[in-house]
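So the structure is just underneath, and the comments pick up after that.
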Amino acid sequence: MPKKVVKTKSLSYLPLPNYPYSSGTTANGLVYTSGLVAWDENNKLVGPGDVKAQTRQVLKNLLAVLAAAGATTDDVLKCNVYLSDIRFFNDMNSEYKKVFKKDPPARTTVQAPLAEPEMLVEIECVAFIGKLAS
C-alpha cells in the first residue's frame with residue numbers, strides 16, 4: 001500500500017505553506033502524525049508561557065489529524081512528547097490524561113529544544129487503522 005498524505009479540513013492551516021512536511025501520513029494500516037504544536041486556526045501560538053493551554057491545543061490538533069485519517073485515541077499505539085523544559089511534565093501530563101483516559105498508549109517524554117522559544121510542548125504519534133490478522 002503506498003503512502004497517503006492525511007489532509008485535514010479543520011486544520012487547513014497545518015502545515016504552514018513554507019514548511020516541507022505533512023500533518024500526517026498513512027501506510028500499511030498505520031497513521032504517523034508529524035510533531036504537532038499549539039498553533040490555532042488563526043495561525044497563532046496558543047498560550048505563550050502556559051504549558052497546559054498549549055498541551056490542550058496540541059492534543060486538539062492531534063485529534064483532528066487522527067480523525068482525518070480515520071483513527072481515534074483508542075487506535076494510538078505510541079506517542080512521543082517533547083517538552084522545552086522537563087519541569088512542565090506534571091502540567092502536560094494532567095492535560096494528556098484527559099484525552100488518553102483508558103488504556104493509554106506507550107509514550108516517551110523528553111526535554112528538547114523546540115522550533116520557537118515560545119513553544120513549550122510538541123506531540124507526535126503512531127496509530128493503527130488497519131485490520132487485525134485473524
Side-chain angles (χ1 to χ4, degrees):
M1 170 184 265
K3 174 182 86 170
K4 179 181 170 191
V5 172
V6 177
K7 303 282 188 188
T8 57
K9 291 180 183 170
S10 63
L11 294 180
S12 59
Y13 56 93
L14 289 178
L16 296 174
N18 295 329
Y19 293 175
Y21 70 93
S22 300
S23 296
T25 56
T26 63
N28 296 324
L30 293 171
V31 179
Y32 298 87
T33 72
S34 289
L36 298 169
V37 294
W39 294 116
D40 69 7
E41 60 277 357
N42 298 312
N43 206 17
K44 302 277 187 210
L45 189 66
V46 169
D50 184 347
V51 73
K52 286 185 175 186
Q54 286 196 16
T55 302
R56 285 191 297 272
Q57 183 66 42
V58 170
L59 291 168
K60 178 181 173 183
N61 294 346
L62 185 75
L63 292 173
V65 174
L66 289 171
T72 69
T73 56
D74 291 338
D75 301 312
V76 176
L77 302 172
K78 174 80 179 348
C79 285
N80 291 326
V81 178
Y82 307 95
L83 296 172
S84 64
D85 191 320
I86 201 66
R87 292 179 293 178
F88 297 144
F89 180 83
N90 289 334
D91 286 339
M92 176 279 301
N93 211 42
S94 70
E95 297 301 319
Y96 181 94
K97 68 183 178 182
K98 291 176 184 175
V99 172
F100 294 102
K101 297 175 185 169
K102 184 178 181 242
D103 300 325
R107 184 179 88 186
T108 299
T109 304
V110 297
Q111 178 175 312
L114 300 180
E116 295 183 19
E118 300 84 15
M119 292 177 180
L120 306 177
V121 60
E122 182 173 337
I123 302 175
E124 66 181 12
C125 75
V126 177
F128 180 72
I129 55 170
K131 302 265 190 234
L132 293 174
S134 19

task = Decide side chain to side chain contact (heavy atoms under 4.5 Å, CB included) for L45 and Q54; before the verdict, give the C-alpha distance in whole Å, the side-chain angles of both, and the deciding distance to 0.1 Å.
result = CA-CA 8 Å; L45 189 66; Q54 286 196 16; 3.8 Å; yes
Minimum side-chain heavy-atom gap [X]-[Y] below 4.5 Å:
| X | Y | answer |
| --- | --- | --- |
| V99 | K60 | no |
| T26 | I129 | yes |
| D85 | Q111 | yes |
| I123 | L36 | no |

How long is the straight-line distance from [atom2] of [Y] back to [atom1] of [X], given to the nearest 0.5 Å?
| X | Y | atom1 | atom2 | value |
| --- | --- | --- | --- | --- |
| L63 | N61 | CG | CG | 9.0 Å |
| L59 | T73 | CG | OG1 | 10.0 Å |
| N90 | K52 | CG | NZ | 9.5 Å |
| R87 | L120 | CZ | CG | 11.5 Å |
| K97 | M92 | NZ | CE | 11.0 Å |

query = D75 and L66: side chain to side chain contact (heavy atoms under 4.5 Å, CB included), yes or no, with the steps?
reply = CA-CA 9 Å; D75 301 312; L66 289 171; over 6 Å; no
request  = Tell me, please, which residues at least two apart from F89 pass ring-ring contact (aromatic ring centres under 6.0 Å, His included).
outcome  =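 Not a single residue meets the ring-ring contact (aromatic ring centres under 6.0 Å, His included) criterion with F89.
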message = Going by the rule ring-ring contact (aromatic ring centres under 6.0 Å, His included), which residues pair with Y82 if we only count those two or more places apart in sequence or in a different chain?
response =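 For Y82, no residue satisfies ring-ring contact (aromatic ring centres under 6.0 Å, His included) once neighbours in sequence are set aside.
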Give the minimum heavy-atom separation between [X] and [Y], together with the two atoms involved.
| X | Y | value |
| --- | --- | --- |
| V31 | A71 | CG2-CB, 4.5 Å |
| V81 | Y96 | CG2-CE1, 4.3 Å |
| A68 | K7 | CB-O, 3.3 Å |
| C125 | L62 | SG-CD1, 3.7 Å |
| V121 | V37 | O-CG1, 3.9 Å |
| A27 | K3 | CB-CA, 4.2 Å |

side-chain hydrogen bond (donor to acceptor under 3.5 Å, both in side chains) involving [X] - partner list, sequence neighbours excluded:
| X | answer |
| --- | --- |
| D50 | none |
| N93 | R107 |
| D91 | none |
| K98 | E95 |

request  = Indicate if V46 and M119 have the same hydrophobic cluster label, given that clusters are the connected sets of ILVMFWY residues with side-chain heavy-atom separations under 4.5 angstrom.
outcome  =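 No, no single cluster joins them.
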ask   = Are V5 and Y32 connected in the hydrophobic side-chain network, where two residues link if heavy atoms are under 4.5 Å apart?
value =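 V5 and Y32: separate clusters.
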ask   = When you look at NZ of K78, are more than 12 heavy atoms from neighbouring residues, nucleotides or ligands closer to it than 6.0 Å?
value = yes
request  = Give the C-alpha distance, both sets of side-chain angles, the deciding distance and a yes or no for side chain to side chain contact (heavy atoms under 4.5 Å, CB included) between T108 and N80.
outcome  = CA-CA 5 Å; T108 299; N80 291 326; 3.5 Å; yes
